[in-house]
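Scroll down for the structure; my scribbles are underneath it.
It should be emphasised that the depicted structure is a prediction, and the values quoted were computed from it without experimental measurement.
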Amino acid sequence: MDCKRNRRLGNKYLILFLLAILILGCKDDPAPKITEEEVAIVEEPEPVIEFGFNMDDYIVKRDTIKNGDTFGIILERNNVGYPKIFNIAEKAKDTFDIRRGLQVGKPYTLLCAKDSLETATCFIYQPNLEDYVVINFKDSIQAYRSRKPIKYVEKVATGVIEDNISLTLEEQGLSPRLAYKMADEIYAWTIDFRRLQKGDRFKVIYTDKYIDDTIYTGVDRVKAAYFEHNHEPFYAFEFMTDTTKGIVDYFNEEAKNLRRAFLKAPVKFSRISSRYNLRRRIAVYGYRVRAHRGTDFAAPIGTPIMATANGTVTKSERRGGNGNYVKIRHNATYETQYLHMSKRLVKVGQFVKQGDIIGKVGMTGNTGGPHVCYRFWKNGKQVDPFKQKLPEAKPISDSLKIKYLEFIQPIKYKLDNINFKPQITEEEPQTVIYQSNS
């Protein structure tokens, strides 16, 4: 019995001894360290901000205006009653006429409550890529216009002509609008781009336009250019001559205006489909010889038509074969006329500046296709504008000339130090942001 009792006591003390060693061993071992890599960091997602609203707070519905859609029908579909719709329309009309302002195909966004009915609380309409209209009726009714953030990025491009300028730009992945700006806006009266020679070369400083940092909308403006045609240099620098009216022209390194008093064409990105011809046979008149005293520029219906020079509108009407047309007197010598418009946008007596939109291309009157017939008068007689020695644009004033020469000095230095390479080099971005008032 004593032996058994001694064995039980011995086992008991052995167990206690082992437990003591285990406890002391745990105290001596340091606690395991958790490294930064082992810690899972959970970051909250960035809120989605658009039009000045946190989109995460709403059920967002996007669509475009369909045929038959009205502001009332859209809201009614989204659980807003007509008494409230009428009240919203009345309070918003000073900012935006919702009865006439909605155009088929334009996008809109509805911000709806996160409830079982998904009731609309805000209507956002986008008439174009940049601008938008907000009608917020979540609590009180607010209506305002705003604009998305816009960024302008300055870039540099160079090229050597092998065939034509459009192909040279296309091979570098550059916008064809850059070719248009140089050919039709800057050097229209200085260089004939239809007769460029192999080896002609150019350098240009321009800005690209982006909306919301991501939507590329093309070339915005050309700040300066150098074109070497047949080994002769032609500089061009953009300069604002009238800050009140926002008049911008291009001048060379000696402050001589590169523009003439008249634009070459009343529409952009067009082609001449029929020239001034006194012995032309016209299909709509049974192919009889009938003098064509105008120049036809083919363009899609709705293309903006520009006044080719400053002047006063003397006629804006619809008559016979002319269809809708506008006539402008520029001075005692020159008048211009624009035929077959789908819509006239100016009235008699209105003063217009060169480049102002006076109407839209159409097919009214006697015409076989969409175009604008551009007619040109000199001393009361219709003539071919391309055979006239047209006057130069108004020269820069002596006082402004000094300011201009100082202005172009650093730009010319930069332009002269650009090497001719058939590639694009992006410069340091220069950003202008239009703040939203949301």
Subject >> Whether Phe239 and Phe407 hold their rings parallel, tilted or perpendicular, with breakpoints at 30° and 60° >> reply: tilted
Original post:
Which heavy-atom pair separates Val80 from Ala120 by the least distance, and what is that distance?
Top reply: CG2-O, 3.7 Å
Subject >> Atom of Thr95, atom of Ala143 and distance for their closest heavy-atom approach >> reply: OG1-O, 3.3 Å
Original post:
Shortest non-hydrogen contact from Asp249 to Arg259?
Top reply: OD1-NE, 2.6 Å
**OP:** Taking all heavy atoms of Ile85 and all of Glu76, pick out the closest pair and write down the distance.
**Re:** CD1-N, 3.9 Å
Original post:
Where does the angle between the aromatic ring planes of Tyr404 and Phe237 fall among parallel (under 30°), tilted (30 to 60°) and perpendicular (over 60°)?
Top reply: perpendicular
Subject >> Where His340 and Cys373 come nearest, the two heavy atoms and their spacing >> reply: CD2-CB, 3.8 Å
Subject >> Near-ring test Tyr325/Tyr338, centroid separation under 6.0 angstrom >> reply: no
Subject >> Geometric class of the Tyr235/Tyr226 ring pair [parallel <30°, tilted 30-60°, perpendicular >60°] >> reply: perpendicular
**OP:** Could you check Tyr132 against Thr109 for side-chain hydrogen bond (donor to acceptor under 3.5 Å, both in side chains), going step by step and ending with a plain yes or no?
**Re:** CA-CA 10 Å; Tyr132 60 90; Thr109 302; over 6 Å; no
Subject >> Ring-face cation of Lys155 near Tyr206 (centre distance under 6.0 Å, axis angle within 45°) >> reply: no
Original post:
Is the gap between the ring centers of Phe227 and Phe193 under 6.0 Å?
Top reply: yes
Subject >> Nearest atoms (heavy-atom pairs only) where Ile186 meets Ala236 >> reply: CG2-CB, 3.4 Å
**OP:** On the 0 to 90° scale, with breaks at 30° and 60°, tag the Tyr125-Phe123 ring pair as parallel, tilted or perpendicular.
**Re:** parallel
Original post:
Under a 4.5 Å cut-off applied to non-hydrogen side-chain atoms, are Tyr334 and Phe262 in contact?
Top reply: yes
Original post:
Distance from Ile65 atom CD1 to Thr70 atom OG1, nearest 0.5 Å?
Top reply: 9.0 Å
